[in-house]
Amino acid sequence: MVPTAHHQPHAGHFADDEPPEEDQFGRMVYLRKCSELGISPVSQIMKFLEMRDMHIHHYGLGLKGTLALASAMEHCTSFVISNYRTSRAYAQANSVITSVRLTNNNIPDEGLLQIVKIVSSKPHIVELDLSGNKIGSSTCKALAEWLGKRWVEGVVT
């Protein structure tokens with residue numbers, strides 16, 4: 001839609017598949033997904049998107065909260081690095097997320113599977129803790145594949 005005098009997009013408006021450049025941490029994507037899912041955003045989660053260690057414990061995210069977080073993680077440019085060997089130092093120097101802990105958040109298998117898929121595509125993430133959630137067979141299989149891949153890359157010893 002072309003903006004006219006009668007219709008100007010609001011400042012936070014962007015295409016569904018393209019976050020604005022200033023949203024490198026995925027905050028706007030998170031807010032939009034929360035709205036879409038009919039849940040209230042958690043300000044602390046938006047802060048965690050900017051930290052190297054994303055440790056979100058006991059927030060009761062459940063499926064919807066996890067899907068909103070996963071959406072932000074997927075679009076977060078602070079997660080984008082091409083390979084592990086060159087990315088570890090870069091990640092530490094540039095506050096790129098290297099650790100994800102989502103313990104005791106009442107996350108069902110469907111939500112955990114989304115997180116594992118995203119983490120699997122982020123080679124600089126070297127720590128993942130999903131304990132205290134509802135891990136099912138789909139997540140177990142995805143975790144095994146991720147760990148196997150990391151073993152081959154020499155990340156897991």
Kindly indicate whether the side chain of Leu69, heavy atoms from C-beta on, has any atom under 4.5 Å from the side chain of Leu102.
yes
What heavy-atom pair brings Ala72 and Gly26 nearest, and what distance separates the two atoms?
CB-O, 3.3 Å
Can you name the nearest heavy-atom pair linking Pro41 to Cys34, along with the distance?
CA-SG, 3.7 Å
On a heavy-atom basis, the closest approach of Gly132 and Asn104 is CA-OD1, 3.3 Å
Please say whether more than 12 non-hydrogen atoms of neighbouring residues, nucleotides or ligands are located less than 6.0 Å from CD in Glu127.
yes
Apply the test side chain to side chain contact (heavy atoms under 4.5 Å, CB included) to residues Leu128 and Val119: give CA-CA distance (whole Å), side-chain angles for both, the deciding distance (0.1 Å), then the verdict.
CA-CA 8 Å; Leu128 176 64; Val119 167; 4.2 Å; yes
Kindly write out the residues that satisfy side chain to side chain donor-acceptor pair (under 3.5 Å) with Ser131, not counting sequence neighbours, or none if the list is empty.
Asp129
Using every non-hydrogen atom in the two residues, find where Lys47 and Met51 come nearest and quote the distance to one decimal.
O-CG, 3.6 Å
Connected to Leu63, directly or through other members, by ILVMFWY side-chain contacts below 4.5 Å are Leu37, Ile39, Leu67
Pair Lys117 + Glu74, salt bridge at N-O below 4.0 Å:
no
Check the pair Met54 / Arg101 against side chain to side chain contact (heavy atoms under 4.5 Å, CB included), numbers first and verdict last.
CA-CA 6 Å; Met54 181 184 285; Arg101 294 185 189 166; over 6 Å; no
Option among Ile107, Ile115, Asn106 that satisfies the side chain to side chain contact (heavy atoms under 4.5 Å, CB included) test with Leu61:
Ile107
Of Thr139, Ile135, Ile118, the one forming a side chain to side chain contact (heavy atoms under 4.5 Å, CB included) with Leu113 is Thr139
Side chain to side chain donor-acceptor pair (under 3.5 Å) pairs touching residues 34-46, sequence neighbours excluded, are Lys33-Glu36
Using side chain to side chain contact (heavy atoms under 4.5 Å, CB included), reason through Thr66 and Tyr59 one step at a time and then give a plain yes or no.
CA-CA 10 Å; Thr66 303; Tyr59 275 81; over 6 Å; no
Which value, rounded to the nearest 0.5 Å, describes the distance between Met73 atom CE and Ile45 atom CD1?
10.5 Å
For residues His55 and Ser99, determine if any side-chain heavy atom of one lies less than 4.5 Å from a side-chain heavy atom of the other.
yes
Checking side chain to side chain contact (heavy atoms under 4.5 Å, CB included) for the pair Asn105/Asn133: CA distance, chi angles, key distance, verdict?
CA-CA 6 Å; Asn105 275 295; Asn133 292 294; 3.7 Å; yes
